[in-house]
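Here the structure is laid out as structure tokens; the discussion comes afterwards.
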Amino acid sequence: MSKNIDWSKLGFAYMKTDLRYVSKWKDGKWDDGQLVEDNKLAISESSTALHYGQQCFEGLKVYRTKDGKIQLFRPDENAKRLNNSCRRVMMPDMPVEKFIDACVQVVKANADYVPPYGTGATLYLRPFVIGVGDNLGVKPAPEYLFVVFCVPVGPYFKGGMTPVNFTISEYDRAAPYGTGAAKVGGNYAASMYPHKLAVEKGYADCIYLDPLTHTRIEEVGAANFFGITKDDKFITPKSPSILPSITKYSLMYLAKEYLGMEVEERDVLVDNLDEFKEAGACGTAAVITPIGGIEYKGKLHVFHSEKEVGPITKKLYNTLYGIQFGDVEAPAGWIVEVK
Ligand SMILES: *Cc1c(COP(=O)(O)O)cnc(C)c1O
């Protein structure tokens with residue numbers, strides 16, 4: 001029985017769905033976890049997650065295929081990244097199998113919220129770990145909660161894929177050897193003000209340069225950057241303060257193996273944008289947001305066009321989108337079907 005939802009009207013907004021998964025870590029181990037109806041968490045007022053930002057999160061989507069199947073895209077990669085984030089802020093590991101099982105349980109329990117094929121809408125999963133329990137000093141929490149909830153979300157591009165413009169920020173989202181490579185909340189709190197300034201100037205979001213020298217492109221808002229050179233190479237920046245995007249690594253694989261392109265992870269200088277004929281931002285939310293232009297020191301550098309999506313960007317997008325919705329054959333191990 002499908003829910004009474006107008007799938008075409010969905011944006012990216014919270015909606016309470018039927019059940020969520022909660023597991024608690026105490027005395028050195030995770031409990032068995034369970035599905036619960038209540039979407040409120042009762043935690044100590046002294047929880048480290050509230051005071052010291054001891055927490056991390058993930059985001060992944062659930063796709064409905066043409067023949068009605070439900071599938072996850074590379075959830076093992078999200079599990080591994082969650083564990084990297086956990087270690088960086090001294091939280092316990094979550095076994096990969098337990099992470100995937102929790103996602104599958106939540107999807108099955110809320111299967112009526114998985115949007116139909118063809119709407120472009122998906123079910124978004126938000127796994128997270130927070131430090132809880134009574135504590136006062138700056139130290140790891142005595143207890144942790146791992147939660148996975150889900151929300152149906154609309155397609156990122158409602159009227160088709162269109163390029164947008166970005167501006168270079170003077171602010172940093174993370175320090176050179178700080179927590180930039182971990183999906184921890186503090187990085188996102190740090191990004192809200194620069195984002196607001198960028199929007200006020202008329203841009204979709206801001207681009208962050210490397211925090212040490214402010215000469216190299218790192219992140220595009222909460223997405224990774226890639227450029228296509230004039231000789232058709234797929235280039236993406238390499239840095240310890242970039243959050244490793246699963247979409248980005250998937251596109252690198254597809255560029256090489258499906259489209260026969262050369263792929264390089266290396267410095268991208270903000271003073272050398274001329275080397276690219278196309279550019280984009282990539283992440284789970286949009287797959288690819290084509291970059292029309294980048295504003296830097298008062299000048300707008302336009303790549304392919306401010307109005308049209310470049311052909312290679314379009315091809316990369318169609319390939320990955322097709323794999324996620326089951327229309328293009330996926331590399332082995334990328335798809336987990338929920339039965
Ligand atoms: C989550 C995130 C991304 C995108 O990662 P995906 O795994 O592709 O969704 C990129 N940059 C930042 C800062 C992020 O938080």
- Euclidean distance, Leu212 CG relative to Ser241 OG, rounded to 0.5 Å: 9.0 Å
Taking [atom1] in [X] as the centre, count heavy atoms belonging to other residues, nucleotides or ligands within less than 6.0 Å. Is the count above 12?
X      : atom1 : answer
Lys16  : NZ    : yes
Lys230 : NZ    : yes
Met15  : CE    : yes
Glu337 : CD    : yes
Tyr193 : OH    : no
Glu170 : CD    : no
Asp38  : CG    : yes
Glu200 : CD    : yes

- Item | Candidates His195, Lys201, Lys196 - the one meeting side-chain contact (heavy atoms from CB on, under 4.5 Å) with Val199 | His195
With a 4.5 Å limit on heavy-atom distance, are the side chains of [X] and [Y] in contact?
X      : Y      : answer
Val270 : Arg216 : no
Cys150 : Tyr113 : no
Trp7   : Pro152 : yes
Glu219 : Asn224 : yes

Is [X] reaching over with its side chain to a backbone N or O of [Y], donor-acceptor style, under 3.5 angstrom?
X      : Y      : result
Thr284 : Leu60  : no
Arg64  : Val114 : yes
Asp210 : Thr213 : yes

- Query: How far apart are the C-alpha atoms of Val132 and Trp25, what are their side-chain angles, what is the distance that settles it, and do they pass the side-chain contact (heavy atoms from CB on, under 4.5 Å) test?
  - Reply: CA-CA 9 Å; Val132 298; Trp25 186 95; over 6 Å; no
- Go through the steps for Tyr144 and Gln55 under the test side chain to side chain donor-acceptor pair (under 3.5 Å), then give the verdict. CA-CA 9 Å; Tyr144 296 87; Gln55 62 88 254; over 6 Å; no
- So Tyr171 and Arg173, side chain to side chain donor-acceptor pair (under 3.5 Å) or not? Walk me through it. CA-CA 7 Å; Tyr171 289 86; Arg173 60 178 281 281; over 6 Å; no
- Message: Applying salt bridge (Lys or Arg N to Asp or Glu O under 4.0 Å) to Glu275 and Arg266, what does each step give before you reach the verdict?
- Response: CA-CA 13 Å; Glu275 65 172 325; Arg266 54 121 163 117; 2.8 Å; yes
- Task: For residues Tyr253 and Trp334, establish whether the separation of their ring centroids is below 6.0 Å.
- Result: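 Yes, ring centres under 6.0 Å apart.
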- Task: For Glu278 and Thr313, run side chain to side chain donor-acceptor pair (under 3.5 Å): C-alpha distance rounded to whole Å, both residues' side-chain angles, the deciding distance at 0.1 Å, then the answer.
- Result: CA-CA 7 Å; Glu278 296 181 31; Thr313 301; 2.6 Å; yes
Are [X] and [Y] close enough that a side-chain donor and a side-chain acceptor fall under 3.5 Å?
X      : Y      : answer
Glu218 : Ser239 : yes
Ser23  : Asp32  : no
Asn135 : Thr48  : no

Salt bridge present between [X] and [Y] (N-O < 4.0 angstrom):
X      : Y      : value
Lys277 : Asp232 : yes
Arg81  : Glu77  : no
Lys24  : Glu143 : yes
Arg87  : Asp93  : yes

- Quick one: do Glu295 and Asn165 satisfy side chain to side chain donor-acceptor pair (under 3.5 Å)? Show the steps, please. CA-CA 8 Å; Glu295 186 274 332; Asn165 292 342; over 6 Å; no
- Task: Give me the ring orientation class for Phe226 and Phe234: parallel if the planes are under 30° apart, tilted from 30 to 60°, perpendicular past 60°.
- Result: parallel
- Task: Give the intermediate values and the outcome of ring pair (Phe, Tyr, Trp, His ring centres under 6.0 Å) for residues Tyr124 and Phe12.
- Result: CA-CA 9 Å; Tyr124 181 76; Phe12 193 81; 5.1 Å; yes
- Message: As a quick check of understanding, evaluate ring pair (Phe, Tyr, Trp, His ring centres under 6.0 Å) for Phe325 and Tyr63, giving each step before the final call.
- Response: CA-CA 6 Å; Phe325 282 98; Tyr63 308 82; 5.0 Å; yes
- Where do Leu72 and Leu125 land on the side-chain contact (heavy atoms from CB on, under 4.5 Å) test, with the steps shown first? CA-CA 10 Å; Leu72 298 171; Leu125 296 181; 3.9 Å; yes
